[in-house]
Amino acid sequence: MQSDLDLRRRVLLKLYRRYVTADRDWVIETRSAVAWLPEAPPEKLALIGNPGSRVRRLYDRREAALEQLYAARAKLETARQRMAARERGRVVLLIAR
């Protein structure tokens with residue numbers, strides 16, 4: 001079971017890195033897009049782009065990575081709970097001579 005936890009941790013780490021990369025790319029692209037709209041106050045802008053645009057693709061990639069990260073974290077927690085339940089359920093028999 002420990003190898004299952006190790007695998008889930010590695011997957012979680014990989015998906016976290018994927019999310020960080022996608023988030024960084026999206027932030028860079030939205031800052032670039034805001035530069036095209038200097039008159040608009042930045043707090044009033046919500047840039048996710050039109051369907052098919054680069055900003056939208058990056059936003060969708062970021063959202064997919066975030067959903068995968070949440071799912072992996074939930075699976076890791078479930079595996080931890082399952083392992084803890086198994087450990088609690090173990091009975092150690094001591095046989096004296």
Side-chain angles (χ1 to χ4, degrees):
M1 185 66 180
Q2 188 65 28
S3 64
D4 186 39
L5 285 179
D6 292 339
L7 174 65
R8 295 207 183 272
R9 282 187 196 111
R10 285 194 308 265
V11 168
L12 184 66
L13 183 59
K14 180 179 179 180
L15 291 174
Y16 175 71
R17 288 179 183 149
R18 183 181 296 168
Y19 169 72
V20 168
T21 300
D23 184 57
R24 185 194 66 227
D25 293 345
W26 180 70
V27 167
I28 290 169
E29 191 64 28
T30 55
R31 286 181 183 161
S32 173
V34 167
W36 285 90
L37 307 165
E39 297 85 29
E43 61 275 355
K44 299 284 184 179
L45 294 176
L47 296 173
I48 60 169
N50 291 325
S53 72
R54 177 166 168 72
V55 173
R56 175 61 73 113
R57 283 192 315 268
L58 291 172
Y59 178 81
D60 290 342
R61 189 175 83 182
R62 176 185 175 271
E63 287 300 304
L66 186 59
E67 288 174 16
Q68 290 173 344
L69 180 62
Y70 286 151
R73 190 170 60 179
K75 288 179 181 182
L76 175 62
E77 188 56 36
T78 300
R80 282 183 180 155
Q81 290 172 0
R82 211 173 23 239
M83 188 173 194
R86 283 185 184 162
E87 290 296 320
R88 284 191 305 269
R90 259 190 206 156
V91 176
V92 177
L93 296 176
L94 298 175
I95 301 175
R97 287 187 186 203

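- Here L69 contributes atom CG and D23 contributes atom CG; the two are 11.0 Å apart, rounded to the nearest 0.5 Å.
- Taking a cutoff of 4.0 Å between a charged side-chain nitrogen and a carboxylate oxygen, D60 and R57 do not qualify as a salt bridge.
- With sequence neighbours excluded, no residue satisfies salt bridge (charged side-chain N to carboxylate O under 4.0 Å, His left out) with E67.
- Using a 4.5 Å cut-off between side-chain heavy atoms of Ile, Leu, Val, Met, Phe, Trp and Tyr, with links allowed through other members, I28 and V55 fall into different hydrophobic clusters.
- Under the side chain to side chain contact (heavy atoms under 4.5 Å, CB included) rule, R8 has a single partner from R80, K75, E77, which is K75.
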Indicate every side-chain donor-acceptor pair of residues 10-19 with a distance under 3.5 Å to a residue at least two apart or in another chain.
residue, atom, partner, partner atom, Å
R18, NH1, Q68, OE1, 3.2
Y19, OH, R62, NH2, 3.4

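- For the pair T30 (side chain) and W26 (backbone), a donor-acceptor distance under 3.5 Å is present.
- Considering only residues two or more places apart in sequence or on other chains, R73 meets the salt bridge (charged side-chain N to carboxylate O under 4.0 Å, His left out) condition with none of them.
- Not a single salt bridge (charged side-chain N to carboxylate O under 4.0 Å, His left out) links R24 to another residue, sequence neighbours left out.
- With rounding to the nearest 0.5 Å, the separation of CG in L5 from CZ in R82 is 8.5 Å.
- The nearest pair of heavy atoms linking G52 to R56 is N-CG, 4.3 Å.
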